[in-house]
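Throughout, residue positions are numbered sequentially from 1 according to the sequence presented. Computed from a prediction, not measured in an experiment: that's the story for all the values here.
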Amino acid sequence: MEKTSQLKLNVQYISMQVPYWMGYSVLGTFTSVFLLSRDFTNGQIGLVLSLANLFAALFQPFLAAFADRMTRFHLSQLAAGMSFLLVLFSGILLVVPKVFLIVALMYILLYACLVLLQPMTIAIGTFFISRGYGLNFGVARGLGSLAFAGAAAVTGVLIERFSSTIILYLLIGIFLFFTGIALTIDTRRQGGQYSAVESAESLQVAELEEPIGLWAFSKKYKRFMFLLVGVSLLFVFHTIINSYMFQIMRPLGGTEANVGASLSIAALCELPTMFCFSWLLKRFKIHSLLKLAAFFFSVKAVLILFATNIFLINLAQSLQMVGFAMHTMASVYYTNRIIPQKDLVKGQTLMATANTFGGIVGSFVGGQMLSFLSVSALLSIGTVISIAGTVIIWLSVEKQK
């Protein structure tokens with residue numbers, strides 16, 4: 001592949017990752033702020049978020065099956081269509097009255113589309129990687145985190161200056177841009193610019209054996225399935241922190257701008273790990289990195305539990321570098337090492353599902369607990385859940401073969 005074509009491909013893919021994570025920042029970070037302005041209670045916010053994640057989790061396998069079978073459309077066009085739905089639902093929320101059921105339904109659909117778009121964006125990247133094209137996924141994902149940080153900081157300030165409705169205008173602009181970029185990327189399996197396989201080695205290996213079913217997989221890889229339980233527990237509290245940061249910071253005198261700045265710090269701290277992970281792999285075993293990540297998830301939880309001011313919250317957020325970011329990269333490589341090629345897609349999908357399931361529980365339980373308990377009680381229970389997840393991961397991680 002020529003360097004000019006390779007550069008163009010990377011720029012196109014970065015131009016998808018950046019707006020996606022900007023949109024994720026705007027919508028995901030300020031969900032509580034937006035729905036509170038629409039007179040939702042904490043419990044109702046938790047219900048909306050959990051239903052949105054649940055809908056996405058249930059619908060994702062059917063969407064993936066459709067994507068595999070479709071011939072008239074290709075993957076980037078499907079991503080563009082999902083992105084346009086985000087624009088559509090954002091526009092509807094601008095004009096509908098503040099009626100609970102209407103706003104809740106539109107927001108569930110909006111948030112579910114955001115969650116569903118993420119694996120499509122990743123799949124577009126793997127479309128090129130699996131064919132041997134020089135796509136640098138780590139750099140694109142790292143720049144996405146940088147965009148997340150910038151969007152969080154700017155959105156917090158804009159909400160304070162205007163109102164939470166600015167979120168919808170930002171989403172419309174961001175995902176219109178995403179839609180346009182997606183339509184320029186050629187992911188045709190046949191007759192397209194990138195249809196040819198430049199390096200077929202991995203694809204040939206994958207075709208040698210038939211994958212086993214999900215039930216047989218869970219029986220064969222029991223330690224891996226146990227590991228997924230730990231991952232889900234870690235993401236319960238991780239989701240609580242991200243979804244209810246405004247409620248966590250408010251007793252400490254925090255504002256919407258403080259929330260945006262804090263989440264920006266966390267996102268910026270992801271960058272060194274994502275950009276330098278290949279260097280880390282040369283010096284440390286992958287199972288050690290996964291255990292390290294799990295440990296710092298819980299260290300972060302303890303620091304937030306005992307934080308008495310905004311500075312300490314932000315200090316805890318800086319541990320994103322060795323917690324969430326490390327897990328994001330290490331879990332992919334660990335799964336690649338532990339699960340054979342014939343079952344690798346299933347293994348990676350289950351790892352992503354563990355994250356999503358933790359998010360569903362965290363969104364729902366967090367909102368319900370805030371309705372009946374104090375922020376301190378929420379953080380205490382969440383910290384115990386996180387520590388339990390860390391222990392399970394340490395017990396279930398297999399040493400690199």
Side-chain angles (χ1 to χ4, degrees), residues 15-40 44-45 47-67 70 72-124 144 147-148 151 154-155 158-159 162-185 187 243 356 359 363:
S15 297
M16 286 187 69
Q17 283 279 351
V18 166
Y20 175 79
W21 288 106
M22 287 176 65
Y24 196 98
S25 175
V26 172
L27 183 58
T29 302
F30 297 97
T31 284
S32 291
V33 175
F34 179 80
L35 292 180
L36 285 172
S37 73
R38 264 53 177 181
D39 302 323
F40 280 57
Q44 290 168 339
I45 293 172
L47 180 62
V48 165
L49 285 173
S50 59
L51 286 175
N53 279 293
L54 181 61
F55 175 78
L58 293 175
F59 190 67
Q60 186 173 330
F62 298 101
L63 186 64
F66 172 74
M70 64 183 181
R72 185 175 179 182
F73 303 101
H74 50 90
L75 188 58
S76 55
Q77 290 177 330
L78 187 63
M82 186 62 67
S83 176
F84 189 75
L85 285 178
L86 280 156
V87 175
L88 178 63
F89 291 133
S90 297
I92 292 173
L93 279 169
L94 276 174
V95 298
V96 296
K98 292 184 180 181
V99 177
F100 172 76
L101 287 177
I102 297 175
V103 175
L105 177 61
M106 288 299 105
Y107 204 89
I108 288 170
L109 293 173
L110 176 68
Y111 200 95
C113 286
L114 179 73
V115 176
L116 288 167
L117 184 58
Q118 184 178 349
M120 289 187 206
T121 305
I122 295 171
I124 288 172
F148 182 102
V154 171
T155 303
L158 289 175
I159 290 173
F162 301 102
S163 72
S164 61
T165 304
I166 196 70
I167 291 171
L168 301 176
Y169 289 106
L170 290 173
L171 289 173
I172 290 172
I174 288 168
F175 285 107
L176 277 176
F177 179 81
F178 183 102
T179 302
I181 292 296
L183 290 173
T184 67
I185 298 180
T187 53
S243 298
T356 302
S363 298

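Formation of a donor-acceptor pair under 3.5 Å by the Thr29 side chain with backbone atoms of Val26 is not found in this model.
Expressed to the nearest 0.5 Å, how far CD of Gln118 lies from CG of Leu116 amounts to 10.0 Å. One finds the OG1 atom of Thr155 at 9.0 Å from the CD1 atom of Ile166 (value rounded to the nearest 0.5 Å). In this structure, the separation between CG on Leu35 and CD on Gln44 is 9.5 Å, given to the nearest 0.5 Å. For the atom pair CZ (Phe84) and SG (Cys113), the distance works out to 12.0 Å, reported to the nearest 0.5 Å. For the atom pair CZ of Arg38 and CD1 of Ile102, the computed distance is 13.0 Å after rounding to the nearest 0.5 Å. Rounded to the nearest 0.5 angstrom, Thr179 OG1 and Gln77 CD are separated by 12.5 Å.
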- Query: Step by step, would you call Leu158 with Leu170 a side chain to side chain contact (heavy atoms under 4.5 Å, CB included)?
  - Reply: CA-CA 10 Å; Leu158 289 175; Leu170 290 173; 4.2 Å; yes
- Could you go through the ring pair (Phe, Tyr, Trp, His ring centres under 6.0 Å) check for Phe100 and Phe40 one step at a time? CA-CA 8 Å; Phe100 172 76; Phe40 280 57; 4.9 Å; yes
- Start with the C-alpha distance between Leu49 and Thr31, add both sets of side-chain angles, then the distance that settles side chain to side chain contact (heavy atoms under 4.5 Å, CB included), and finish with yes or no. CA-CA 9 Å; Leu49 285 173; Thr31 284; 3.6 Å; yes
- Query: Could you walk me through whether Leu86 and Leu110 pass the side chain to side chain contact (heavy atoms under 4.5 Å, CB included) check?
  - Reply: CA-CA 6 Å; Leu86 280 156; Leu110 176 68; 3.5 Å; yes
- Trace of the side chain to side chain contact (heavy atoms under 4.5 Å, CB included) decision for Met106 with Leu88: CA-CA 10 Å; Met106 288 299 105; Leu88 178 63; over 6 Å; no
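Between Tyr20 and Tyr24, the two ring planes are tilted [angle within 30° to 60°].
The shortest non-hydrogen separation linking Ala80 to Leu183 is CB-CD2, 3.7 Å. Here the closest non-hydrogen pair linking Ala104 and Val48 is CB-CG2, 4.1 Å. Closest approach of Ser76 and Ile185 over heavy atoms only: OG-O, 2.7 Å. In plain terms, the two heavy atoms of Gly23 and Leu114 that are nearest each other are C-CD1, 4.3 Å. Taking both residues in full, the closest heavy atoms of Lys98 and Val103 are given as CA-CG2, 4.2 Å, listed atom of the first, atom of the second, then distance. In plain terms, the two heavy atoms of Ile172 and Ser90 that are nearest each other are CG1-CB, 3.7 Å.
Using a 4.5 Å cut-off on side-chain heavy atoms (C-beta onward), Asn53 and Tyr111 make contact.
The residue from Phe55, Phe30, Phe34, Phe89 that alone fulfils the ring-ring contact (aromatic ring centres under 6.0 Å, His included) condition with Tyr107 is Phe34.
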